[in-house]
Amino acid sequence: MKVTIFTVRLDSEHLITDQNHLNQFIANVQFIKSDTHFVETDSSYWSVIIHYEIKNEVITDLKTEVQVQESDLDSEQLELLQHLKVWRIDKATKWKIPSYMICHNSELINIVLKRPDTIEEFKTIKGFGAKKSENHAEDILAVLNAL
């Protein structure tokens, strides 16, 4: 069993975003149980511990509608995926946030499969809207182009 801790800030600027991150995470794992604790400070928040197991990561390539798992990737694609995971960990460490808040594994697999060449092409990848594309596409393009 694995454990991840979330912070759900109560101020209107962060509440919806934090809830969405928590909900998106829960949707992508096999939820087992949760524990919560209210932390009372100047900016009070809920600390949420999620106990979970990893689901078999399955995504749909929207062009071919074929189920793709990480284990289905070839060696070159797996190497690229590993480089993207390292980039994600570095970015999460720098920003002091969990790595799944940068990109989920399914999003990284989609990047490997679709190999976008422009920031606009990132917006066609599930999970990449304007903001995520603006925040991360240039960095990811640099990783893609370095290999």
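Remember, predicted model here, so these are calculated numbers, not experimental data.
Pairing each heavy atom of Glu121 with each of Asp117, the nearest pair is OE1-N, 2.6 Å. In terms of heavy-atom proximity, Ala92 sits nearest to Ser99 at CB-CA, 3.6 Å. Between Pro116 and Leu141 the shortest heavy-atom distance is O-CD2, 3.3 Å.
Note that CG of Leu22 is 12.5 Å distant from OG1 of Thr17, once rounded to the nearest 0.5 Å. Here the CD1-CG distance, from Ile111 to Leu80, works out to 9.0 Å after rounding to the nearest 0.5 Å. Put simply, NE2 on His37 and OH on Tyr45 are 8.0 Å apart, with the number rounded to the nearest 0.5 Å. Note that CG of Asn20 and CG of Leu15 are 9.0 Å apart. Values are rounded to the nearest 0.5 Å. The distance from the CD1 atom of Ile125 to the OG atom of Ser106 is 11.0 Å, given to the nearest 0.5 Å. Considering CZ of Arg88 and CD1 of Ile140, their distance stands at 10.0 Å, rounded to 0.5 Å.
With Glu107 as reference, Lys132 is the one residue of Lys132, Lys85, Lys126 to meet the salt bridge (charged side-chain N to carboxylate O under 4.0 Å, His left out) rule.
Phe31 and Val3 fall into different hydrophobic clusters, where Ile, Leu, Val, Met, Phe, Trp and Tyr residues are linked whenever their side-chain heavy atoms come under 4.5 Å apart, directly or through other members. Linking Ile, Leu, Val, Met, Phe, Trp and Tyr whenever their side-chain heavy atoms come within less than 4.5 Å puts Val112 and Leu78 in one cluster. In the hydrophobic clustering of this structure, Ile50 groups with Ile97; members are Ile, Leu, Val, Met, Phe, Trp, Tyr whose side-chain heavy atoms approach within less than 4.5 Å, directly or through other members.
Contact annotation: the side chain of Met1 approaches that of Glu53 to within less than 4.5 Å [non-hydrogen atoms, C-beta and beyond]. Within the 4.5 Å cutoff, the side chain of Ile102 has heavy atoms near those of the Trp95 side chain. A 4.5 Å side-chain heavy-atom check between Leu10 and Asp18 finds every atom pair outside the cut-off. In this structure, the side chains of Val8 and His21 stay at 4.5 Å or more apart for every pair of heavy atoms. With contacts defined as side-chain heavy-atom distances shorter than 4.5 Å, the pair Leu81/Asn105 does not qualify.
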Quiz prompt | Check against side-chain contact (heavy atoms from CB on, under 4.5 Å), Ser34 and Phe6 | solution = CA-CA 11 Å; Ser34 65; Phe6 290 87; over 6 Å; no
Exercise. Test side-chain contact (heavy atoms from CB on, under 4.5 Å) on Lys94 and Asp90 and set out the steps.
Key: CA-CA 6 Å; Lys94 179 181 174 185; Asp90 290 346; over 6 Å; no
Quiz item: Run the side-chain contact (heavy atoms from CB on, under 4.5 Å) check on Tyr52 and Asn28 step by step: do they pass?
Solution: CA-CA 10 Å; Tyr52 67 97; Asn28 289 305; over 6 Å; no
Exercise. Could you please spell out the steps behind the side-chain contact (heavy atoms from CB on, under 4.5 Å) verdict for Gln24 and Tyr100?
Key: CA-CA 9 Å; Gln24 188 175 21; Tyr100 68 86; over 6 Å; no
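Remark: side-chain polar atoms of Ser133 are not paired, donor with acceptor, to backbone N or O of Ala130 under 3.5 angstrom. Asp35 places no side-chain N or O within 3.5 Å of a backbone atom of Ile49 that could act as its donor or acceptor partner.
Between Phe122 and Phe128, the two ring planes are tilted [angle within 30° to 60°].
A salt bridge does not link Lys131 to Glu134: none of the charged side-chain nitrogens sits closer than 4.0 Å to a carboxylate oxygen.
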